Amino acid sequence: VVINASTSARPKMSGESKKEEFRKYLERSGVIDALTKVLVALYEEPEKPSNALDFIKQYLGAPTSGDVETMKAEKDEMMKKNEELTKELEAVQAKLEAMSAGGDGE
């Protein structure tokens with residue numbers, strides 16, 4: 001007789017017990033509290049935002065699309081600056097090596 005260990009090791013959970021376990025997980029991890037707070041804030045907002053999902057994202061601290069674009073531009077600028085500084089460092093190191101080898105570096 002062959003017994004499948006994956007099914008016999010754990011009793012199958014009913015749909016209701018799975019839902020209850022998931023609810024407990026959300027409660028333990030703070031999701032229910034965070035969602036409650038953001039929904040209350042949205043409810044109490046005097047002028048309802050045109051995009052409720054963006055309000056929720058912003059309230060929970062997610063970057064907005066404008067923030068993402070700004071960060072991408074800053075990243076590109078920093079990568080360009082890094083490349084320039086790396087080239088400058090290499091030139092200075094080459095000049096230093098030339099000077100230490102007895103040349104005047106020019």
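Everything quoted here is computed from the prediction, not taken from an experiment.
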Partner residues of [X] under the side chain to side chain contact (heavy atoms under 4.5 Å, CB included) criterion, sequence neighbours left out:
X     : result
Leu85 : Lys81, Glu88
Glu74 : Thr70
Lys80 : Glu84

Which salt bridge (charged side-chain N to carboxylate O under 4.0 Å, His left out) pairs, counting each pair once, include a residue from residues 14-24, with sequence neighbours left out? Glu16-Lys19, Glu20-Arg23, Arg23-Glu27
Review item, side-chain donor-acceptor pairs of residues 34-54, under 3.5 Å, at least two apart:
from: Thr36; atom 1: OG1; to: Ile32; atom 2: O; distance (Å): 2.7
from: Lys37; atom 1: NZ; to: Asp33; atom 2: OD2; distance (Å): 3.4
from: Lys48; atom 1: NZ; to: Leu42; atom 2: O; distance (Å): 3.3
from: Lys48; atom 1: NZ; to: Tyr43; atom 2: O; distance (Å): 2.7
from: Lys48; atom 1: NZ; to: Glu45; atom 2: O; distance (Å): 2.6
from: Asn51; atom 1: OD1; to: Leu53; atom 2: N; distance (Å): 3.1
from: Asn51; atom 1: OD1; to: Asp54; atom 2: N; distance (Å): 3.1
from: Asn51; atom 1: ND2; to: Asp54; atom 2: OD2; distance (Å): 3.2

Counting only heavy atoms from other residues, nucleotides and ligands, does the tally under 6.0 Å from CD of Gln93 exceed 12? yes
Of all residues at least two apart in sequence or in a different chain, which pass the salt bridge (Lys or Arg N to Asp or Glu O under 4.0 Å) check with Lys87? Glu83
